[in-house]
Amino acid sequence: MNTPGKKQRARRLPVLPVITVLSDALRRVGTVRLTGTHALVPLHRAGDARIELAEVADWFALANPTGAASLTVTVSALPSADLAARAAEIREAALERTYPHMTVEARKPAGTMTPGLARPLAGEVQAEGLHRALAFRCDVREWSTDVAAWTTEVFADSIRAVAGLSGLILITVSSEVGNRR
């Protein structure tokens, strides 16, 4: 809604709706256990999502801690983006955006495995030239499609804000436990 005199919020990436529709469609086919997601994120279309991330952060704090999960988040980008040089800043920005409902620890990308996700992935043509640049281990209170989408948005917004990139990046979020939904 555009209200005269008020600053309009930037358009949010539709990560949650896309993951929800995909998950719902797969469940119609049969039993599905979501173990991770790949998202090719167009940063040039991403607006500042901090307000929205703040609005939903407390929701994840309500999850039952017995469903806690460890996630592996990897980010692939063009080598010219030099994201590895900004890893500490991106980690800090991600921590700020989780209002501290997620832990974020840096990992070395070369040795990072993505449990539950196989490569090559569909859409390789669009991801051509992207190389794994960052990896993080994150602890959350649950594993769900909502958490996968939220985590993707947290890292997309953090990278957009810190690195100022405007091209495509690939964000992979995978869980060490399967989806319990």
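No experiment lies behind these values; they were computed from the predicted model shown. Start at 1 with the first residue, then count along the sequence.
In this structure, Leu83 CG and His131 NE2 are separated by 12.5 Å, a value rounded to the nearest 0.5 Å. Taken to the nearest 0.5 Å, the CG atom of Asp157 stands 9.0 Å off from the CG atom of Leu13. A distance of 11.5 Å separates CD in Glu96 from CG in Leu53, rounded to the nearest 0.5 Å. To the nearest 0.5 Å, atom CG of residue Leu134 and atom CD1 of residue Ile171 are 9.5 Å apart. Atoms CD and CZ, on Glu105 and Phe136 in that order, are 11.0 Å from each other to the nearest 0.5 Å. The distance from the CG atom of Leu170 to the OG atom of Ser76 is 5.0 Å, given to the nearest 0.5 Å.
Scanning both residues, Val41 and Ala156, for their nearest heavy atoms gives CG1-CB, 4.0 Å.
The only option from Leu16, Thr98, Thr145 that meets the side-chain contact (heavy atoms from CB on, under 4.5 Å) definition with Trp150 turns out to be Thr98.
Looking at Arg160, its side chain never comes within 3.5 Å of a backbone N or O of Leu43 through a donor-acceptor pair. In this structure, the side chain of Ser23 does not engage the main chain of Ile19 through any donor-acceptor pair within 3.5 Å. In this structure, the side chain of Ser158 engages the main chain of Ala94 through a donor-acceptor pair within 3.5 Å. The closest donor-acceptor contact from the side chain of Thr103 to the backbone of Asp139 lies under 3.5 Å.
Between the side chains of Asn64 and Thr66, at least one donor N or O sits under 3.5 Å from an acceptor N or O. For the residue pair Thr72/Arg107, the side-chain donor-acceptor check at 3.5 Å is satisfied.
In this structure, the side chains of Leu130 and Leu40 come closer than 4.5 Å at one or more pairs of heavy atoms. Looking only at side-chain heavy atoms (C-beta outward), His101 and Val140 stay at 4.5 Å or farther from each other. Between Thr35 and Ser175, every side-chain heavy-atom pair lies at or beyond the 4.5 Å cut-off.
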Go through the steps to decide whether Ser70 and Arg137 satisfy the test side chain to side chain donor-acceptor pair (under 3.5 Å), and finish with yes or no.
CA-CA 7 Å; Ser70 292; Arg137 180 178 185 268; 2.7 Å; yes
For a side chain to side chain contact (heavy atoms under 4.5 Å, CB included) check, start with the C-alpha distance between Leu165 and Ile169, then their side-chain angles and the critical distance, and finish with the verdict.
CA-CA 9 Å; Leu165 295 181; Ile169 60 170; 4.1 Å; yes
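Linking Ile, Leu, Val, Met, Phe, Trp and Tyr whenever their side-chain heavy atoms come within less than 4.5 Å puts Leu62 and Phe60 in one cluster.
Annotation for Arg50: atom CZ does not count as buried by contact number, only 12 or fewer foreign heavy atoms lying within 6.0 Å.
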